[in-house]
J.: 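Here it is, the structure in full.
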Amino acid sequence: MEKRECPVGVFDSGLGGISVLRELVALMPQENYIFYGDSRHAPYGTKTLREVQRLTLADAEYLMDQGVKALVVACNTATSAAIRILRERYSDIPVIGIEPALKPAVLVRAHPRVLVMATPMTLREEKFRKLMKRFEERAEIISLPCPGLVEFVERGELSGERLEDFLREIFAEHGKTADCVVLGCTHYPFVKEAIQKVLGDQALIFDGGAGTARETKRRLKECGLLNPSERRGTVLLQNSLHTAEMEERARLLLEAGTFQT
Ligand code: DGL
């Protein structure tokens with residue numbers, strides 16, 4: 001197979017990265033994709049740094065063994081823990097990571113109040129601290145670790161009382177005064193409606209999926225790796241749990257962005 005026709009490998013700790021995959025497919029429908037979700041080990045965000053680095057390298061290797069031409073780390077946690085190691089190890093292909101979409105959020109008005117929802121690891125690691133430093137003079141940035149929220153998405157609970165109660169607790173202190181919220185974990189766009197409902201319409205919500213897709217396109221183009229085909233490409237969904245239920249959830253998220261069809 002010609003290199004340009006090889007698939008783009010996309011991975012996450014579980015189903016969340018499908019929110020990025022949807023943006024990739026929308027922007028570059030002619031590409032072939034393999035998505036790997038490591039739901040067996042989700043969540044990553046509450047594990048140790050070393051454990052997440054080990055799991056992330058295993059995810060990447062699983063995709064590399066299938067001949068991918070680029071790697072998209074569709075997980076903020078894995079990106080903050082291991083992007084540097086991945087880029088060193090796979091220096092001959094584009095390796096694209098994701099980070100919380102702080103930039104568009106701080107521009108919504110003069111000195112806005114920005115809540116960044118993410119896993120404890122993402123918010124703790126150096127990568128985010130550097131990002132925050134870049135923007136701290138232009139906004140009041142509040143880190144909101146959300147352990148437990150990834151699990152709602154993994155078990156297919158994208159709406160309902162239990163989720164709303166959980167979110168109300170998370171937003172108890174800062175929710176009312178926030179101008180915007182950054183979804184710094186790729187699972188969270190799938191519960192965006194519930195987040196908006198709990199916060200109210202005044203809060204603008206941002207996520208990094210579309211920006212990551214644009215960056216992936218830019219890198220593929222730069223490396224002469226864009227698929228020249230005019231036909232729609234294929235999307236292969238893989239999950240470390242290997243169950244029919246997980247396959248079905250992944251398919252529904254990809255096609256509909258939700259489980260209610
Ligand atoms: N989707 C991952 C992220 O973007 C979730 C991490 C986790 O598994 O805790 O951070």
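Note that ligands are numbered from 1 as they come in the structure, with each ligand's atoms numbered from 1 the same way. Residue indices begin at 1 and follow the sequence shown.
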J.: To the nearest 0.5 Å, what is the distance between NZ on Lys217 and CE on Met28?
T.: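 So the gap between those two atoms works out to 7.0 Å.
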J.: Which of the numbered atoms in ligand 1 are under 4.0 angstrom from any heavy atom belonging to Cys185?
T.: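 Result: 1 (N), 2 (C), 3 (C), 4 (O), 5 (C), 10 (O).
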J.: Which of the atoms of ligand 1 are close to Asp12, meaning less than 4.0 Å from one of its heavy atoms?
T.: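 Contacts of ligand 1 toward Asp12, numbered from 1: 1 (N), 2 (C).
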J.: Does some non-hydrogen atom of Cys75 fall short of 4.0 Å from ligand 1?
T.: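 Distance cut 4.0 Å: Cys75 passes for ligand 1.
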J.: Could you tell me which atoms of ligand 1, counted from 1 in the order shown, lie closer than 4.0 angstrom to a heavy atom of Val150?
T.: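 In order of number, 5 (C), 7 (C), 9 (O).
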J.: Looking at Thr77, which atoms of ligand 1 are within less than 4.0 Å of one of its heavy atoms?
T.: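 Counting atoms of ligand 1 from 1, those under 4.0 Å from Thr77 are 3 (C), 6 (C), 10 (O).
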J.: Assess the side chains of Asp38 and Ser13: does a donor N or O sit below 3.5 Å from an acceptor N or O?
T.: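 Short answer, no.
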J.: Looking at Gln53, is its backbone amide N or carbonyl O close enough to the side chain of Tyr44 to form a donor-acceptor pair, meaning the two atoms are under 3.5 Å apart?
T.: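 Side chain of Tyr44 to backbone of Gln53, a donor-acceptor pair under 3.5 Å: no, none is there.
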J.: Assess whether atom CD of Glu255 is packed by more than 12 heavy atoms of other residues, nucleotides or ligands within 6.0 Å.
T.: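 Yes - once you tally the heavy atoms of other residues, nucleotides and ligands closer than 6.0 Å, there are more than 12.
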J.: Which side-chain hydrogen bond (donor to acceptor under 3.5 Å, both in side chains) pairs, counting each pair once, include a residue from residues 91-102, with sequence neighbours left out?
T.: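 For residues 91-102: Glu99-Lys127.
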J.: If hydrogens are left out, which of Phe11, Tyr44, Tyr188 has an atom nearest to atom 7 (C) of ligand 1, that is, the closest non-hydrogen atom?
T.: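 The nearest heavy atom belongs to Tyr44.
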J.: Answer yes if the ring centres of Phe11 and Phe35 are under 6.0 angstrom apart, and no otherwise.
T.: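 No, they do not, as the ring centres are separated by 6.0 Å or more.
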J.: Can you tell me which portion of Thr119 lies within the under-4.0 Å heavy-atom range of ligand 1? Options are side chain, backbone, both, or neither.
T.: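 It is the side chain that gets close, since no backbone atom is under 4.0 Å.
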J.: Flag His187 as yes when one of its N or O atoms lies below 3.5 Å from any N or O atom of ligand 1, and as no otherwise.
T.: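 The answer is yes, given that His187 and ligand 1 share an N or O pair closer than 3.5 Å.
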J.: Which protein heavy atom lies closest to atom 9 (O) of ligand 1, and at what distance to 0.1 Å?
T.: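 Going atom by atom, the protein heavy atom closest to atom 9 (O) of ligand 1 ends up being Gly45 N, 2.7 Å.
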J.: Which atoms of ligand 1 have any heavy atom of Ser13 under 4.0 Å away?
T.: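 Those atoms are 2 (C), 5 (C), 6 (C), 7 (C), 8 (O).
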J.: Is the positively charged end of Arg155 above the ring of Phe152, judged by distance under 6.0 angstrom from the centroid and angle within 45° of the axis?
T.: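 Yes; both conditions hold, so Arg155 lies above the ring face of Phe152.
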